[in-house]
Amino acid sequence: MEEKEVLNFIEQIIEEDIHNKKNDGRVHTRFPPEPNGYLHVGHAKSICLNFALAAKYGGKTNLRFDDTNPSTEETEYVESIKKDIQWLGYQWDGEVLYASDYFGQLYEYAIQLIKAGKAYVDDSTPEAIAEMKGTPTTPGTISPYAARSIEENLDLFEQMKTGEFEDGSKVLRARIDMASSNMHMRDPILYRIKKVPHHRTGSTWNIYPMYDMAHGYSDSIEGITHSVCTLEFEVHRPLYNWLIEQVEVFHPQQIEFARGNVSYMITSKRKLLKLVKDNYVSGWDDPRMPTISGMRRRGIPAEALRNFWIGIGVARRENLIDISHLEFHVREVLNRTAIRVMGVLNPVKLVITNYPDDKTETLEIINNPEDKDAGSRKVPFSKTLYIEREDFKKEPQNKKYFRLAPGKNVRLKGAYIIHCEDFIVNEDGIVSEIHCTYYPDSRSGSDTSGVKAKGTLHWVSIPHAVKAEARIYDRLFTVPEPINHEEGKDFLDFYNENSLKILPNIYVEPSLKDISKDTHLQFMRKGYFILDEDSTFDNLIFNQTTTLRDTWGKISKR
RNA sequence: UGCCCCAUGGUGUAACGGUAGCACACCGGUUUUUGGUGCCGUUUGUCAAGGUUCGAAUCCUUGUGGGGCAACCA
């Protein structure tokens with residue numbers, strides 16, 4: 001069977017370029033974050049795209065920090081961004097690069113533009129510049145400073161550099177077309193004065209390049225062949241091209257794609273910061289956060305995140321991706337890799353009345369039916385057990401119910417089949433104890449009893465149980481699109497008050513005392529979990545990554 | 001009321017003038033010592049109207065709808 005490979009539109013461009021021997025068939029991409037915040041799902045898409053594209057065509061991907069605004073950028077973010085990229089499973093080519101590495105070269109390009117009569121120093125106030133810019137429907141007006149001589153511009157720009165002028169008093173602008181239908185071509189600002197220490201260059205510079213000045217030239221300097229960015233930069237492309245053409249340097253191609261919006265998630269830096277600052281979440285790495293660090297802490301495998309974005313693909317239309325796509329990939333990876341263990345989240349006591357009082361058996365239970373190499377572990381079994389409260393019903397209504405109820409049989413996972421005889425109700429009317437008998441010859445692996453049981457329950461032996469805490473997470477918002485959901489409503493109006501539920505008294509099997517922090521677990525029949533960063537040997541804390549698919553949950557609700 | 005981009009099942013994405021496909025979700029069946037997993041199957045779509053063509057999701061025109069553009073941010 002011949003299967004046609006499906007190419008996305010960027011791959012089509014690249015393959016055409018390779019076919020035409022453009023750039024000698026070279027493919028070189030880059031991921032250009034600004035170090036002023038933490039990476040989130042949206043960045044993950046860009047990372048996956050850039051690295052996967054280069055990998056597919058035998059190319060390279062640079063990591064370049066776009067650090068041209070010293071007032072907002074910090075080294076702290078550089079470190080977290082590097083960590084997140086590596087965690088995602090990617091390694092940039094060579095050293096980490098910075099736009100600030102090119103400040104000297106960028107300054108030279110600016111001089112070249114001035115000498116060619118393509119840039120001038122403007123003394124206008126920010127308000128005046130905005131005024132002269134016009135609006136999308138009305139053309140702008142030419143600055144009174146646009147007519148300065150090349151010599152004067154050279155001199156003034158030099159003085160801007162050496163710090164002769166105050167912040168905001170002068171800018172360097174490109175001389176293009178104040179009547180352009182593209183606002184970005186109306187003599188855009190190239191350099192501004194900012195006497196602010198830079199996280200890498202310190203106080204060396206008094207002027208800093210704007211995005212358009214820095215980005216394309218940085219791409220060019222690095223020999224980037226395909227400069228992939230999001231749709232909102234589309235209107236910048238003519239300027240990107242113009243700047244490069246003026247100085248006749250290597251010309252990368254900018255290609256825009258639609259950012260991926262995921263339901264129940266937001267990616268606005270400002271709004272994310274609000275959640276952190278106002279304590280809606282515990283921090284940038286709160287497991288409910290759409291940040292890469294949050295998802296990591298939640299237990300989402302990097303592989304799942306990668307598969308998700310690669311699977312979603314890339315196009316140029318607006319989109320809202322249903323979060324179930326992500327959940328699918330999380331479960332797909334975890335089903336293959338997670339160690340199956342038993343933990344009872346909402347315990348009720350069960351006594352096996354015909355089991356010897358002080359007997360303990362050690363049962364061998366397989367770690368992962370999907371992975372033979374995962375081996376097995378020993379789990380202690382005794383007369384008294386915890387089972388899940390929801391696994392017992394006094395009077396089941398549904399005919400298809402096959403968990404525990406008086407007179408019913410059920411298999412205890414990896415152990416015996418038991419028969420429910422009776423139960424005790426406390427003064428509040430709550431079931432406090434369930435009494436069962438067991439079939440001694442029904443032990444898992446050597447069952448000769450002939451007894452049938454439709455359901456299988458997970459359990460924990462009370463004398464051996466380890467008390468722990470579980471944190472159950474739900475989506476952060478109550479609606480899929482909390483931004484612009486409803487006229488006059490803020491995204492915080494849709495904050496999900498129940499997005500975190502703490503279960504302080506769960507009981508887990510003793511093997512979990514020895515588990516490492518990055519081991520993905522499946523609490524059988526309950527969901528996928530991972531140890532939280534706050535967890536200690538004496539106080540185990542488990543984060544629920546996601547639940548298992550719950551067919552019964554759907555049926556029983558009907 | 002200017003310019004630019006976009007429009008394919010519920011969601012995401014293919015088909016590049018020649019049978020509208022894949023994944024997720026949903027629904028049904030089957031297997032199962034996890035009501036998990038696996039396996040099988042059903043339903044659902046080309047924004048609208050014209051035009052070109054033997055033939056249009058694809059090309060053209062107009063309309064409709066959505067998004068972007070007026071930071072000394074990136």
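Quick note: numbers below take in every heavy atom, side chains included, and nothing from hydrogens, waters or symmetry partners. All chains are named by letter (A, B, ...) in the order of the sequence lines, taking the proteins before the strands, and each is independently numbered beginning at 1.
Across all strands, H236(A) comes closer than 4.0 Å to base atoms (heavy-atom distances). Within 4.0 Å of T546(A), counting heavy atoms only, lies no atom of the nucleic acid at all. Y211(A) comes within contact range of at least one nucleobase, with a heavy-atom separation under 4.0 Å. Using a 4.0 Å heavy-atom distance criterion, F233(A) is classed as a base contact.
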Table of protein N/O atoms under 3.5 Å from nucleotides 33-36 of chain B N/O atoms:
residue : atom : partner : partner atom : Å
U33(B)  : O2'  : K413(A) : NZ           : 3.1
U33(B)  : O2   : G414(A) : N            : 3.3
U33(B)  : N3   : S444(A) : OG           : 2.2
U33(B)  : O4   : R411(A) : NH1          : 3.1
U33(B)  : O4   : R411(A) : NH2          : 3.4
U33(B)  : O4   : S444(A) : N            : 3.4
U33(B)  : O4   : S444(A) : OG           : 2.4
U33(B)  : O4   : G445(A) : N            : 3.2
U34(B)  : O2   : Q522(A) : OE1          : 2.8
U34(B)  : O2   : R525(A) : N            : 3.0
U34(B)  : N3   : Q522(A) : OE1          : 2.5
U34(B)  : O4   : R340(A) : NE           : 2.3
U34(B)  : O4   : R340(A) : NH2          : 2.9
G35(B)  : OP1  : R525(A) : NE           : 3.4
G35(B)  : OP1  : R525(A) : NH1          : 2.7
G35(B)  : O2'  : W552(A) : N            : 3.3
G35(B)  : N7   : R403(A) : NE           : 3.0
G35(B)  : N7   : R403(A) : NH2          : 3.0
G35(B)  : O6   : F402(A) : N            : 3.1
G35(B)  : N1   : K400(A) : O            : 3.0
G35(B)  : N2   : K400(A) : O            : 3.3
G36(B)  : OP1  : T551(A) : OG1          : 2.5
G36(B)  : N2   : R340(A) : NH2          : 3.3
G36(B)  : N2   : E370(A) : OE2          : 2.8

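Comparing A25(B), C69(B), C26(B) against the side chain of K554(A) picks out C26(B) as the nearest.
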**Q.** Sugar-phosphate or base contact per nucleotide [nucleotides 6-13 of chain B; S, B, -; heavy atom under 4.0 Å]
**A.** SSB--BSB
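The NZ atom of K133(A) sits 6 Å away from the P atom of C72(B) (whole-angstrom rounding). Y191(A) has its OH atom 12 Å from the P atom of A74(B), to the nearest Å. With rounding to whole Å, L231(A) atom CG is found 10 Å from C4(B) atom C1'.
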(Q) Counting Watson-Crick and G-U wobble pairs with both distances under 3.5 Å, what is the dot-bracket string for RNA chain B, 5' to 3', using [ ] for crossing pairs and | for pairs to another strand? (A) .((((((..((((....[..))))..((((.......)))).....(((((..]....))))))))))).....
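Judged purely by distance below 3.5 Å, without hydrogens or angles, the side chains of D212(A) and H184(A) never pair a donor atom with an acceptor atom. One side chain, S143(A) or D122(A), offers a donor N or O that lies under 3.5 Å from an acceptor on the other. Checking N36(A) against K269(A) by side-chain atom types alone, a donor-acceptor pair falls below 3.5 Å. For the residue pair R186(A)/S180(A), the side-chain donor-acceptor check at 3.5 Å is not satisfied. In this model, no donor atom of one side chain and acceptor atom of the other lie less than 3.5 Å apart for Y240(A) and Q253(A).
Here L512(A) contributes atom CG and E509(A) contributes atom CD; the two are 5.0 Å apart, rounded to the nearest 0.5 Å.
For T68(A) and A74(B), the shortest distance from a side-chain N or O to OP1 or OP2 is below 4.0 Å. Remark: R192(A) is in phosphate contact with A74(B), judged by side-chain N or O atoms under 4.0 Å from OP1 or OP2.
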